[in-house]
Enquirer: 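One structure coming up, written as structure tokens, with questions to follow.
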Amino acid sequence: MSGPRKLHVKSFGCQMNVYDSHRMADTLASEGYVETPTLEDADLIILNTCNIRERAVDKVYSELGRMRDHKQEAARVGRSVKIAVAGCVAQAEGEEILRRASGVDVVVGSQNYHRLPEMLVRAERGERLVDTEFPKEDKFDRLAAPRRDAIRARGASAFVTVQEGCDKFCTFCVVPYTRGIEVSRPVEKIAAEVANLAAAGVREISLIGQNVNAYHGFDEQDRPAKLAQLLHRIAAVPGIARLRYTTSHPCDVDDTLIEAHRDIPKLAPHLHLPVQSGSDRILAAMKRRHTRSDYLAIVARLRAAKPGIAFTSDFIVGFPGESEEDFGDTLALAEEAGLVGAYCFSYSPRPGTPAAEMDNQIPEDVKAQRLQILQAAIARRMTAFNTQCQGRTFEVLLEKHGRMPGQLGGRSPYLQPVQVQAPPEMLGEMAVIKITGIGPNSLFGELAGAARVPELAAAGG
Ligand code: SAH
Ligand code: SF4
Ligand code: F3S
């Protein structure tokens, strides 16, 4: 074969899929594949899929149609292209994908990515394969670590999966079925992965999990460790300047986590804490296991522990049985909790989940109307928060080149995009920025201090 084989990975869904896509690419890099940003020259295409809402699944099948055409065209000029489907649709639908999408060679479930190289060898021989088992071995032990150049190409902010799966079974949600039961990685393995990233220039780490604050791993001495302990450990990795974690469930916010927000300066003053609804009736029907006042109490305790902390959330509107009054409670909760942003979704019935079987489904036009109202209310809250940031000084990780020449772009501690005039050599570093302007999609700022790279000198980096 001429030249290395080229791999194109397309990722849908949440941050865990982004992380998994990187780990698949790292593993295949050690098999000789190089990544390509374009579909056209790829020998292998991996579609990393999301199953969370119906629309996400529709997207997968339309994308697979496009890829089949590409594969057929390539075949006409004598090139063999393989197509693999990974992620949550692969896990949930397995064989069905091979039946529905004739171009697909490999279907690999979310816990089997370490088996991809071996599956691809068999696919090269003409087999079509599915592996959606939940294996006994730990994929994380078998996936290759990223190379330094791959880490650099991905930027100064990185995700690291620390926990996967969910045991909560909210009645609307497919995740417990597509990601399996909760599994946490050991503290020291996560710390080693973070150290490797930091050594290649990563400054910000987002610890990720479907239910990240249910983290229950083990430390070096085999003692149980919660998320708070893990955060303390990761904050101590030389070179790491900022820490985040996502996504959390309100029921798993415990005292130690609240104290971690008080005690770890590197932990960003922002928490994404999905609530889904402001109505106790709907929260119960969703099986969220908390009430509206529980949520407000957690927010208040975190605010007391960490003055200035800001909250964002997720909402579902039009859950079965949601009345105008329930929806009103949701709007009121966004105010009362003082949210500065939220992802709002229209309820999408998912096959196999209890809520899909409920007989009081809400008509699509009502859902659409509520979605619009909630989104507008959230947008107003976000704009108000952005406006309050005028004149404030933030630490901003300068992650990429900005929109204009001479600009660099990054994120504030609250994840707001920030554009700043700064020399290109500051790319990848944390800088102190004074906010001088508020745009519709980003804040504008100017350098107000040198780049801050904490213990890096001490670490000899
Ligand atoms: N583990 C997280 C959420 C993971 S899914 C948590 O517990 O909050 C991300 C978001 O997708 C959810 O917060 C929810 O708002 C939305 N979502 C999940 N299932 C959905 C469905 N069936 N219809 C619409 N939105 C859904
Ligand atoms: Fe889904 Fe989150 Fe509920 Fe788990 S806790 S079932 S991931 S919404
Ligand atoms: Fe989607 Fe799976 Fe993430 S369903 S949101 S890719 S966990």
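Basis for what follows: all heavy atoms, side chains included, without hydrogens, waters or symmetry-related copies. Just follow the structure's listing: the first ligand is 1, and inside any ligand the first atom is 1. Just so it is clear, the structure is predicted and the values come from calculations on it, not from any experiment.
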Enquirer: At under 4.0 Å between heavy atoms, is it the side chain or the backbone of K168 that contacts ligand 1, or both, or neither?
Expert: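 Neither part.
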Enquirer: Suppose I only count heavy atoms of N17 and a 4.0 Å limit; which atoms of ligand 3 are within that range?
Expert: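 Per the distance check, 6 (S).
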Enquirer: With heavy atoms of C14 as the reference, note each atom of ligand 3 found under 4.0 Å away.
Expert: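 It comes down to these atoms of ligand 3: 3 (Fe), 5 (S), 6 (S), 7 (S).
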Enquirer: When rounded to the nearest 0.5 angstrom, what distance separates OG1 in T246 from CZ in F159?
Expert: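 One gets 9.0 Å once the value is rounded to the nearest 0.5 Å.
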Enquirer: Show which atoms of ligand 1 fall inside a sub-4.0 Å distance from at least one heavy-atom site of T247.
Expert: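 Within the 4.0 Å cut-off of T247, ligand 1 contributes 2 (C).
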Enquirer: May I ask you to decide whether R179 forms a salt bridge with D20, counting only side-chain N to carboxylate O separations under 4.0 Å?
Expert: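 Judged by the 4.0 Å cut-off on N to carboxylate O distance, R179 and D20 do form a salt bridge.
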Enquirer: Tell me the contacting part of R350 for ligand 1: side chain, backbone, both, or neither, using a 4.0 Å heavy-atom threshold, strictly below.
Expert: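 Contact part for R350 vs ligand 1: side chain (C-beta onward).
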Enquirer: Rounded to the nearest 0.5 Å, what separates atom CZ in R223 from atom CZ in F218?
Expert: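 Going from the CZ atom of R223 to the CZ atom of F218 covers 12.0 Å.
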Enquirer: Can you check which of R53, K367, M16 brings a heavy atom nearest to atom 16 (C) of ligand 1?
Expert: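 Looking at heavy atoms only, the winner is R53.
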Enquirer: Could a heavy atom of N211 be found less than 4.0 Å from some atom of ligand 1?
Expert: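 It does not, in that no heavy atom of N211 comes within the 4.0 Å cut-off of ligand 1.
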Enquirer: Does A342 offer a backbone N or O that forms a donor-acceptor pair with the side chain of D314 under 3.5 Å?
Expert: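 Looks like no, no N/O pair under 3.5 Å.
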Enquirer: Give me the nearest non-hydrogen protein atom to atom 2 (Fe) of ligand 2 as residue plus atom name, then the distance to 0.1 Å.
Expert: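 Here the closest protein heavy atom is R288 NH1, 4.2 Å.
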Enquirer: Looking at atom 4 (Fe) of ligand 2, what's its closest protein heavy atom, distance included?
Expert: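 Answer for atom 4 (Fe) of ligand 2: C166 SG, 2.2 Å.
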Enquirer: Please verify whether a non-hydrogen atom of R288 lies at under 4.0 Å from ligand 1.
Expert: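 Within the 4.0 Å threshold, so yes.
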Enquirer: With a cut-off of 4.0 Å, which atoms of ligand 3 are near a heavy atom of C88?
Expert: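 Numbered from 1, ligand 3 contributes 2 (Fe), 4 (S), 6 (S), 7 (S).
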Enquirer: Counting from 1, what ligand 3 atoms have a heavy atom of Q210 closer than 4.0 Å?
Expert: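 Once the distances to Q210 are compared, the set is 7 (S).
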Enquirer: Applying a heavy-atom cut-off of 4.0 Å, say which part of F345 lies close to ligand 1: side chain, backbone, both or neither.
Expert: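 Answer for F345: side chain.
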Enquirer: Kindly state if atom 2 (C) of ligand 1 has a protein heavy atom within a strict 4.0 Å cut-off, that is, under 4.0 Å?
Expert: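 Under the 4.0 Å cut-off, atom 2 (C) of ligand 1 does have protein heavy-atom neighbours.
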Enquirer: Which atoms of ligand 1 sit under 4.0 Å from any heavy atom of Q210?
Expert: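 This gives 1 (N), 2 (C) as the contact atoms.
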Enquirer: Please determine if E399 and R154 form a salt bridge, counting it only when a charged side-chain N lies under 4.0 Å from a carboxylate O.
Expert: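 Answer for the salt bridge query: no.
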Enquirer: Considering heavy atoms of the protein only, find what lies nearest to atom 4 (S) of ligand 3 and give residue, atom and distance to 0.1 Å.
Expert: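 That would be N51 N, 3.2 Å.
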Enquirer: Hey, does A355 sit under 4.0 Å from ligand 1 if you only count heavy atoms?
Expert: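 No.
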Enquirer: Short list, please: which atoms of ligand 3 are under 4.0 Å from a heavy atom of C50?
Expert: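 Close to C50: 1 (Fe), 4 (S), 5 (S), 6 (S).
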Enquirer: I52: heavy atom below 4.0 Å from ligand 1, yes or no?
Expert: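 I52: in contact with ligand 1 (<4.0 Å).
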Enquirer: Within the 4.0 Å heavy-atom shell around C170, which atoms of ligand 2 are there?
Expert: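 Every atom of ligand 2 under 4.0 Å from some heavy atom of C170: 3 (Fe), 5 (S), 6 (S), 8 (S).
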